[in-house]
There are 2 protein chains.
Amino acid sequence: MNRLPVAERREQLIEAALAVASRDGIDAATVRAVAAEAGVSLGVVHYCFQDKDELLRAMAHAITSANLERSLGELPPEADDPESVIEGVIDALWAGIRDSRGPQLLSYELTTSSLRHAELNQVAIEQYRGQWAAAEQVLDLVERSAHVSWSVPRGTLARTVVAVIDGFSLAWLVDGDSEAARAGLQGFGRFLATVAVPSSLEADAAATLA
Amino acid sequence: MNRLPVAERREQLIEAALAVASRDGIDAATVRAVAAEAGVSLGVVHYCFQDKDELLRAMAHAITSANLERSLGELPPEADDPESVIEGVIDALWAGIRDSRGPQLLSYELTTSSLRHAELNQVAIEQYRGQWAAAEQVLDLVERSAHVSWSVPRGTLARTVVAVIDGFSLAWLVDGDSEAARAGLQGFGRFLATVAVPSSLEADAAATLA
DNA sequence: GGTTGTCTTGGTCGGTTGTCCAAGTCAAGT
DNA sequence: ACTTGACTTGGACAACCGACCAAGACAACC
């Protein structure tokens, strides 16, 4: 095995853990399986991480960051009317989920594991704080792109967005009906449009001049 | 230990498994832990169940039935206007969830476990088929109580109801904010009211909204 | 009262897990 | 060249898991 500084070895092991857990589930992410996936021997894992839990926490942090980046990596849609903007954002978000079934399922496994095991206590709340913050940023993006304002508190709306996406994603993981999920999310998008009101004249003018 | 016919012993073990798994998580529901919880010795479990998986499947079936009964056990609300009827139903549903944190979390653990382990393959889909059917029955109940018809296909709406409840429940399990969950669900209830039209106008609305 | 068949017991077995460690290997600095 | 310290190896360990079994205990029936 190539020799690597511990920091890089850690990153490699985190990616290996992510690969194993996404493919075969969180329970399959044993120290041995991760070492095998990374092509290193068993002791290396405990040389780089104090605990198995420390490895899992690092893996959770990695997947949370990846999810966050993916959510915010959506391009601001071109359309002008709020309905089309929302539709475009939802389609992009849903495509991201549909194309990463393993990691998506792993996210739920991590959440439930975190709620049961004290050593992973912080994982779930960090996951959701990240998701709520990301949802708020997406809502901001829609506000600016579609020249609207939300008639509902931002935090409340963000929590709802995350909840709805979570719910439809979980159902899709169970029965694999992508079309039902897409349709349901688009239905929620039409509801979102009903709580978006046109921006004030000053804001509109400022946006136009800029 | 009292001697029991195998059928009753099975029921007792299922309840013991449910107790252990609700309290300490699905991973804690080992054969030994279940036997200890039931106060029987180790061999009894394998005398009553061929596999540990058979025990888990039986437990999943039990919790699914319990959830279904709980959802349908809600009294038809007294109010006449659709908004109040929906509000009452949602409050009752939410109260049922809020008062059973352990079993609720166990349901999600069962879903994710089912999606990973082939031996539990049917568990998740049965869970959700049951929930979707229950949601449809609740929607029927609201239709009759509030004298409205849904302007959206029943199945689609039921799937949305389950998804939203799932999403808010999961978030509540993570951060424990009961008030946010209740508020979010009531917000969804107000949306539901917008797709409920008075019974006489059913045909009209169906033609308008597709 | 003896027999039959159901239920229970307590232990054993092989396999897997997380953790740990002594020894070995290698690159860099003196 | 030699020392030092970072990194790797492969095995060992105790603990726990699901599964299994021979033997015992009990109730019901002939």
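Naming: A, B, ... by sequence-line order, numbering from 1 per chain.
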Fill in: Short side-chain N/O contact from B:Tyr47 to OP1 or OP2 of C:dC7, under 4.0 Å
yes

Worksheet item: How about B:Ser169 and B:Arg98: does a side-chain donor come under 3.5 Å of a side-chain acceptor?
Response: no

Worksheet item: Taking 4.0 angstrom as the limit, do B:Asp175 and A:Arg129 come out as a salt bridge?
Response: no

Item to complete: Quick one: label B:Val44 by what it contacts on the DNA or RNA (base, sugar-phosphate, nothing), any heavy atom closer than 4.0 Å.
Response: base

Item to complete: Please determine, by modelled atom types, if B:Thr111 and B:Gln127 share a side-chain donor-acceptor pair under 3.5 angstrom.
Response: yes

Fill in: Of B:Val6 and B:Arg32, the one whose closest DNA chain C nucleotide lies more 5'
B:Val6

Worksheet entry | Separation of atom CD in B:Glu119 from atom C1' in D:dA19, rounded to whole Å | 15 Å

Fill in: Nucleotide C:dT6, atom C1' - distance to CZ of B:Arg9 in whole Å
12 Å

Discussion item. On DNA chain C, compare the nucleotides closest to B:Pro5 and B:Leu42; which residue's is nearer the 5' end?
Written reply: B:Pro5

Fill in: Rounded distance (Å) that lies between atom P of D:dC17 and atom CG of B:Leu55
14 Å

Worksheet item: Out of C:dC26, C:dT19, D:dG18, which nucleotide sits closest to the side chain of A:Lys52?
Response: C:dT19

Worksheet item: What is the nucleic acid contact for A:Thr30, judged by heavy atoms within less than 4.0 Å: base, sugar-phosphate only, or nothing?
Response: sugar-phosphate

Worksheet item: Are the aromatic ring centres of A:Trp132 and A:Tyr128 under 6.0 angstrom apart?
Response: yes

Worksheet entry | Interatomic distance where CZ belongs to B:Phe49 and P belongs to C:dC7 [whole Å] | 13 Å

Worksheet item: Does A:His46 have a side-chain nitrogen or oxygen under 4.0 Å from the phosphate oxygens OP1 or OP2 of C:dC20?
Response: no

Practice prompt. Give a yes or no on whether a salt bridge exists between A:Asp51 and A:Arg57, defined as a side-chain N under 4.0 angstrom from a carboxylate O.
Written response: no

Practice prompt. For B:Arg57 and D:dG18, give me the distance from atom CZ to atom P, rounded to whole Å.
Written response: 15 Å

Worksheet item: Taking N and O atoms by type only, does the side chain of A:Arg3 place a donor or acceptor under 3.5 Å from a partner on the base of C:dA27?
Response: no

Fill in: Interatomic distance, A:Asp27 CG vs D:dG18 P [rounded to whole Å]
12 Å

Worksheet item: In whole angstrom, what separates B:Glu54's CD from D:dA19's P?
Response: 11 Å

Fill in: Pairing nucleotide - D:dC30, Watson-Crick or G-U, each distance under 3.5 Å
C:dG1

